[in-house]
Student: 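Before we start, here is the structure in question, set down as structure tokens.
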Number of protein chains: 2
Amino acid sequence: MAESTETGLPRAVMIAWGMEKTPQRGPSRGLSHERIVGAAIDLADAEGLTAVTMQGVAKALGFTTMSLYRYVSSKEELLLLMQDAAFALPERSTLPTGWRAALPAWAELIRAAYRSHPWALEIPRGQASVLMPNSVWAADLGMAALADLDIDQESKVGVILVISQLAASMVELEGSLAEEGLVSTTPEGTGLLAEVITPERFPHIADLFAANSRVGADGGAGFAPVIDGGTLEVDGEFGLGLSLLIAGLEALQRSAARETEQVPDQDVEGTGPV
Amino acid sequence: MAESTETGLPRAVMIAWGMEKTPQRGPSRGLSHERIVGAAIDLADAEGLTAVTMQGVAKALGFTTMSLYRYVSSKEELLLLMQDAAFALPERSTLPTGWRAALPAWAELIRAAYRSHPWALEIPRGQASVLMPNSVWAADLGMAALADLDIDQESKVGVILVISQLAASMVELEGSLAEEGLVSTTPEGTGLLAEVITPERFPHIADLFAANSRVGADGGAGFAPVIDGGTLEVDGEFGLGLSLLIAGLEALQRSAARETEQVPDQDVEGTGPV
DNA sequence: GCGAACTGTGTGCGGCATACGCTGAGAGCG
DNA sequence: CGCTCTCAGCGTATGCCGCACACAGTTCGC
């Protein structure tokens, strides 16, 4: 599906890293990858990703639709370039020392990046995405944050991955909740729901829906971040997940340390892949 | 964006819960929501979500395109119904007792559900999604799994949310990696990458790309689940995240218990929202 | 300076979601 | 028992979309 050049790399990767033979002959180019991606990003920021059409981008630049195809071989490729550009972290970000402080700081950087361009999360993420410059840079920074944590390299990658996925999920959730406010704010709606979400059928969750019109809303798992008087608690969910992971890492490290001292502790890894 | 009826509830929610006034007069209906959603799901399973077009679904049913609009007011609504239908957990799933065992079991149920219909993850998840029947049911089951865990209700919801998001991310990642195998399998590709991903520029991650052509690939955070001789370690990442969360929960519980005994421990929550 | 390489344009195709008016079936009421 | 009104499914049409392709004009290497 992903266009690949004869190098085996998707063309978008080549473009993003600047490994593109720019032609010498012919008229000078009126456009550039940067301008095209920039215009597309402006469009997405202003009107959402659905507003990013080849015709829309071209019109914003004052060119015809087809002229874009001299720079980008498909819309998918443009989207990949947008995704990477949107994921730029602030140049030369510095992290606190010590993984306990560095990891949350890094996580917040990632989350901020997603937040600034939430539409980037709607773009399908393929294998090409990792190879893009800003992805690599963010991963490098993440590994740096964990430099003084005593677990193996692969697990570090896993932690980085899990946290960034968590950040992505939370931003996505935040966005979908923010748009157009809460659902079922009318009494009729909640009344109707109360008829089907009964404590008999859903003993463990019905009260969350029923209680003083606080209503859960979901993000894809099918679950409800609790809404508190209109203020979302997405921040809280993110912080909770993060702090649990950190606590888990500490436990993992402690148990590993004890193991080397030949004092076996409960095995935290034991719960492993189900 | 989400169509809402005069009840304040999105129409898709009404349909999914069976709260629809079916007309009394007129000819008998040749179609039904169930048949339409079923046909759409079959299409998505067989050829992916992009194959789900109104015309495609209609043709599969032997009806014209526009006849579908008597049952579904937009394609978005159909997609929401598909999303919920795809997320059905096995009827009457039972969980082990004790949250330590129940939580991984529940997580695996969720992951299995996503895995059986991966295209469901591509459907944008809005606020309506939580209110759908299978979402509510899954949430209820998750809360049941945590019944004997001694933390407050809101945190439980957070844990449920985080885990389901993790499962979703991992399934999505798994799918994007599986499709069309690895990228940059040609020597030219890795060579080119080695030119730009240098240890000088990316001191903490360059070796992961360089080392024996094991190559990282990403899922949207910009990070690399390590590939091991062609076998994905997505299972491992999922298990790692899950076990870290469980260890974190144990630590959280322990520290809470000590606090009530007036013996302050290190505050695990302290790392909280950044 | 001449030809090859290259740029941006115009036109057009097939596919998409969806609006609207029509016909005739069938149920409920009288 | 038959009238009438509701409603199901159809045909047609509109306006987007991504993208293929041939063409005309431009600029550099030789």
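Labels below follow one simple rule: chain letters A, B, ... track the order of the sequence lines, proteins then strands, and each chain is numbered from 1.
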Student: Angle between the end axes of the helix from C/dG1-D/dC30 to C/dG30-D/dC1, five pairs per end, to the nearest 10 degrees?
Tutor: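 Rounded to the nearest 10 degrees, the bend comes out at 10°.
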
Student: Considering just the side-chain nitrogens and oxygens of A/Arg29, establish if one lies under 4.0 Å of OP1 or OP2 belonging to C/dT7.
Tutor: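 Affirmative; the distance criterion is met.
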
Student: Does A/Ser28 reach a base, just sugar-phosphate, or nothing at all? Heavy atoms under 4.0 Å.
Tutor: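 A/Ser28: backbone/sugar contact only, no base atoms under 4.0 Å.
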
Student: Quickly work out the A/Leu68 CG to D/dC17 P distance and round it to whole Å.
Tutor: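 These atoms are roughly 13 Å apart.
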
Student: From the list C/dT18, C/dC6, D/dG18, which nucleotide is the closest neighbour of the side chain of B/Lys75?
Tutor: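 The closest nucleotide is C/dT18.
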
Student: Nearest 0.5 Å, please: how far is CD in A/Glu77 from CG in A/Leu68?
Tutor: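 Result: 12.0 Å between the selected atoms.
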
Student: Can you tell me whether the side chain of B/Arg70 and the base of D/dG9 have a donor-acceptor pair closer than 3.5 Å?
Tutor: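 Side chain to base: pair present.
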
Student: Return the 5'-most residue of the pair A/Gly26, A/Met66 with respect to DNA chain D, ranking by each residue's nearest nucleotide.
Tutor: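 The residue closer to the strand's 5' end, by nearest nucleotide, is A/Met66.
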
Student: Between C/dT9 atom C1' and A/Met54 atom CE, what is the distance in whole Å?
Tutor: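 In whole Å, C/dT9 C1' lies 15 Å from A/Met54 CE.
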
Student: Quick one: does A/Arg70's side chain get under 4.5 Å of A/Leu31's, heavy atoms only?
Tutor: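 Side chain of A/Arg70 against side chain of A/Leu31, heavy atoms only: no contact under 4.5 Å found.
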
Student: Under 4.0 Å: is that the gap between some side-chain N or O of A/Thr64 and OP1 or OP2 of C/dT9?
Tutor: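 Checking C/dT9 against A/Thr64, a side-chain N or O does come within under 4.0 Å of OP1 or OP2.
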
Student: Establish, with yes or no, whether the OP1 or OP2 oxygen of D/dA8 is under 4.0 angstrom from a side-chain nitrogen or oxygen of B/Tyr71.
Tutor: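 Checking B/Tyr71 against D/dA8: no side-chain N or O falls below 4.0 Å of OP1 or OP2.
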
Student: Quick one: CZ on B/Arg111 to CE on B/Met170, what's the gap to the nearest 0.5 Å?
Tutor: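 Taking CZ in B/Arg111 and CE in B/Met170, the distance rounds to 9.0 Å.
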
Student: Calculate the interatomic distance between B/Leu79 atom CG and C/dA17 atom C1'; express it in whole Å.
Tutor: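 Value for this atom pair: 12 Å.
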
Student: Distance check: side-chain N/O of A/Gln55 vs OP1/OP2 of D/dG18, anything under 4.0 Å?
Tutor: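 Yes.
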
Student: Which distance, rounded to the nearest 0.5 Å, do you find between the CG of A/Leu131 and the CD1 of B/Ile197?
Tutor: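 CD1 of B/Ile197 is found 6.5 Å from CG of A/Leu131.
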
Student: Could you tell me the separation between the CG atom of B/Leu9 and the CD1 atom of B/Ile15, rounded to the nearest 0.5 Å?
Tutor: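 Here the interatomic distance stands at 12.0 Å.
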
Student: Tell me whether the side-chain N/O atoms of B/Ser67 come closer than 4.0 Å to OP1 or OP2 in D/dA8.
Tutor: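 So the side-chain polar atoms of B/Ser67 never come under 4.0 Å of the phosphate oxygens OP1 or OP2 of D/dA8.
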
Student: So how far is it from B/Asp140 CG to B/Ser135 OG, rounded to the nearest 0.5 Å?
Tutor: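 Here the rounded value is 12.0 Å.
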
Student: Within this structure, what is the CG-to-C1' distance between B/Leu61 and D/dG9, rounded to whole angstrom?
Tutor: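 Computing the B/Leu61:CG to D/dG9:C1' distance gives 13 Å.
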
Student: To the nearest 0.5 Å, what is the distance between OG on B/Ser67 and CG on B/Leu61?
Tutor: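 So the gap between those two atoms works out to 8.0 Å.
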
Student: What is the separation between atom CG on B/Leu49 and atom P on C/dA17, rounded to the nearest whole Å?
Tutor: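 Interatomic distance, CG of B/Leu49 to P of C/dA17: 11 Å.
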
Student: Between A/Tyr69 (OH) and D/dC21 (P), how many Å, whole number?
Tutor: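 Going from OH in A/Tyr69 over to P in D/dC21 covers 13 Å.
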
Student: Within this structure, what is the CG-to-C1' distance between B/Leu78 and C/dT18, rounded to whole angstrom?
Tutor: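 Checked: the CG to C1' distance equals 14 Å.
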
Student: Could you check how far CZ of A/Phe63 sits from P of C/dG8, rounded to whole Å?
Tutor: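 After rounding, the reported distance stands at 6 Å.
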
